[in-house]
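We count ligands from 1, going down the list as the structure has it; atoms in each ligand are counted the same way. Only a predicted model underlies this, so the values are computations on that prediction, with no experimental measurement involved. Position 1 is the first residue of the sequence, and the numbers go up from there.
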Amino acid sequence: MHKITIAIDGYSSCGKSTTAKNVAKRLGYGYIDTGAMYRAVTLYFHQHLVTLTNQKEVIKALDNIQIEFRRNPNDGRNETYLNGLNVEDEIRKLYIANKVSEVSAIAEVRHAMVAQQRKMGKKKGVVLDGRDIGTVVFPDAELKLFMTADPIIRANRRQIELSEKGELVDIEDIIENIKNRDLIDTTRKESPLRKAEDAIDIDTSYMTLDEQVETVCLLADEALSKAIRN
Ligand code: DC
């Protein structure tokens, strides 16, 4: 069966991951949460006190990091494993969010993650979400989307997500974190967040999750037909 690659890039907390996960489920595709990979690296660096400015330490640490996604048999959720341990909950915490943009701006970290992502997605039939999927990881993806949303709406969504996991965080701290990450993600030297020329914009500010999934599935259908024709 013909399958395509779907690349979803955009700012944090625009609904990329939830949309990507649901689209993958509907289409029977795999899902690769590339942000989770950078979060897992951040957790490892934190646990092993890696000095981010020490290139040798960073390279050595990267050699010892193995990241995989495994499906939870109880709820079907894709969960992140770092060196065989389930770190899904830990990597979503604010102390990781506060450090991840700095870690993901390191060239060696990006090279290692991009190589893994290309390996994981090489057979097509995957939805990937991140910051550089359509521009760097899979520039030939048949469908590229760029998600945006109002920063206040993004902060509210993130606050709800965190509180559902038992982490109560002040909205001002979340807005600060989002602004900071946007700034680092868009201005870093190594593959900054930017819209690929041929990506389609989706502003999710006033869209429900169902509407987002529906929109992406329709676009995926069109992209698949086009790929079959060519
Ligand atoms: O999507 P997320 O919020 O879980 O991503 C966490 C961080 O990882 C985000 O601040 C930027 C970085 N990231 C990246 O640089 N490239 C990607 N492909 C995905 C995430």
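For ligand 1, the atoms sitting less than 4.0 Å from at least one non-hydrogen atom of D132 are 16 (N), 17 (C), 18 (N), numbered in the order shown with element in parentheses. For ligand 1 and Y38, the ligand atoms under 4.0 Å from any heavy atom of the residue are 8 (O), 13 (N), 14 (C), 16 (N), 17 (C), 18 (N), 19 (C), 20 (C). Atoms of ligand 1 lying under 4.0 Å from any heavy atom of S101, numbered from 1 in the order shown and given with element: 10 (O).
Between the side chain of Y29 and the backbone N or O of I4, at least one donor-acceptor pair lies under 3.5 Å. Between the side chain of D129 and the backbone N or O of I8 there is no donor-acceptor pair closer than 3.5 Å.
With no hydrogens or angles considered, a side-chain donor-acceptor pair links S205 and D203 at under 3.5 Å.
Between D33 and ligand 1, not a single N/O pair is under 3.5 Å apart. Ligand 1 has no N or O atom lying under 3.5 Å from any N or O atom of D129, backbone or side chain.
Around atom 6 (C) of ligand 1, the closest heavy atom drawn from M113, R181, R188 belongs to R181. Ranked by closest heavy atom to atom 16 (N) of ligand 1, the top entry among M37, E102, R110, K99 is R110. The nearest non-hydrogen atom to atom 13 (N) of ligand 1, considering only R158, R131, E190, R92, comes from R131.
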Inset, instruction - Using the salt bridge (charged side-chain N to carboxylate O under 4.0 Å, His left out) rule, take K195 and D201 through it: C-alpha gap first, then chi angles, then the decisive distance, then the call. - result: CA-CA 8 Å; K195 180 178 174 256; D201 275 306; 3.5 Å; yes
